[in-house]
2 protein chains.
Amino acid sequence: MTKFSKELVGATTIPIILSVLSKGESYGYEIIQAVKSISEGQITYADGTLYPVLHKMEKKGLIESFWKKGDNGRRRKYYRIIENGIQQLDLEKENWLIVNQIISKLWKIDLNPI
Amino acid sequence: MTKFSKELVGATTIPIILSVLSKGESYGYEIIQAVKSISEGQITYADGTLYPVLHKMEKKGLIESFWKKGDNGRRRKYYRIIENGIQQLDLEKENWLIVNQIISKLWKIDLNPI
DNA sequence: ACAATATACATAGAACTTCAATGTATTTCA
DNA sequence: TGAAATACATTGAAGTTCTATGTATATTGT
């Protein structure tokens, strides 16, 4: 499994979490599993990494949280994307596209268009 | 002009500098201009940002430096990519491709199709 | 019944990072 | 003469990821 640079992880964590939450509310542990699954095991967030990021995102007003009891009675802190976060996700997509084009030009190879 | 997130800048600075240097030796100020030109003004590194990154890259053994007098007699610190840096650039390219694919997938599909 | 594993959230602290601000100099050009 | 561009460097503020550690409950295998 490839170990990505801290920088690459940093650039993608928030857009990826926003993407996941844009498809429906979720909680920390489930987000980790979802990203692991989608990336086919290539991105596995440590919980100690994800939770502070979720807190930061909530503080910035991108998402909101609420406690809920799961099927099994265990309490979970759910997160839901809010208006600000939707706008932020759009912005992140735009920026990724631009940067990807610049890099693609520099490398003169075809990268996956989004 | 779009202002990119610190994170996105962080993820791309080293690969971009390595790319520029893989096309020929250069010095700080020229690298800033080259990236600005290639990105059509969208990426403009502050000198206070670039120089510490160059120092870090040299310390890590990705590039080497040497003083040279330019046409006008002004001294410039040139940088040249070395073996380690070429390998690092290949790795960065690979990783960018993988992450781009994952993100591309996330932005295209529904996580929980009903 | 018991142990191991998976689920679930949280924080502290180490080791980074970017970048604005500031400083020093030289060259070019109106 | 003076402004702008060229050229490199460092400091310090504010932020970042991630390891380690802690708490606790649910599930699964033997």
With a 3.5 Å distance limit and no angle check, can you tell me whether A:Lys68 reaches the backbone of A:Tyr78 through a side-chain donor-acceptor pair? no
Rounded to whole Å, how long is the line connecting atom CD1 of B:Ile32 with atom P of D:dT6? 10 Å
When B:Pro52 and B:Gln33 are each assigned the nearest nucleotide of DNA chain D, the 5'-most assignment goes to B:Gln33
So is B:Lys77 actually on top of B:Tyr27's ring, under 6.0 Å and inside 45° of the axis? no
Nearest-angstrom distance from the residue atom CZ of B:Arg76 to C1' of C:dA25: 14 Å
Please report, rounded to the nearest Å, how far the P atom of D:dT16 is from the CE atom of A:Met57. 12 Å
When rounded to whole Å, the CG to C1' distance for the pair A:Leu54 and D:dC18 reads 15 Å
Please state whether the phosphate of C:dT11, meaning OP1 or OP2, lies under 4.0 angstrom from any side-chain nitrogen or oxygen of A:His55. yes
Any side-chain N or O of A:Tyr51 under 4.0 Å from OP1/OP2 of C:dA10? no
Euclidean distance, atom CG of residue A:Asp47 to atom P of D:dA20 [Å, nearest integer]: 13 Å
Return the orientation label for the B:Trp107 and A:Trp96 ring planes: parallel under 30°, perpendicular over 60°, tilted otherwise. perpendicular
For C:dA8, does OP1 or OP2 lie under 4.0 Å from any side-chain N or O of A:Tyr27? yes
Between A:Lys93 (side chain only) and A:Gln88 (backbone N and O only), is there a donor and an acceptor less than 3.5 Å apart? no
Sole candidate of A:Glu58, A:Glu25, A:His55 that passes side chain to side chain donor-acceptor pair (under 3.5 Å) when paired with A:Ser65: A:Glu58
Here the distance between atom P of D:dA4 and atom OH of B:Tyr29, to the nearest Å, is 13 Å
Would you say D:dT16 has OP1 or OP2 under 4.0 Å from some side-chain N or O of A:Lys56? yes
Using atom CG of B:Leu50 as one end and atom P of C:dA21 as the other, report the distance to the nearest whole Å. 18 Å
Could you tell me the separation between the CZ atom of A:Phe66 and the P atom of C:dC9, rounded to a whole number of Å? 12 Å
Any B:Lys6 side-chain N or O less than 4.0 Å from OP1/OP2 of D:dG15: no
Would you classify B:Gly28 as touching base, sugar-phosphate or nothing, given that sugar-phosphate means primed atoms plus P, OP1 and OP2, and contacts are heavy atoms under 4.0 Å? sugar-phosphate
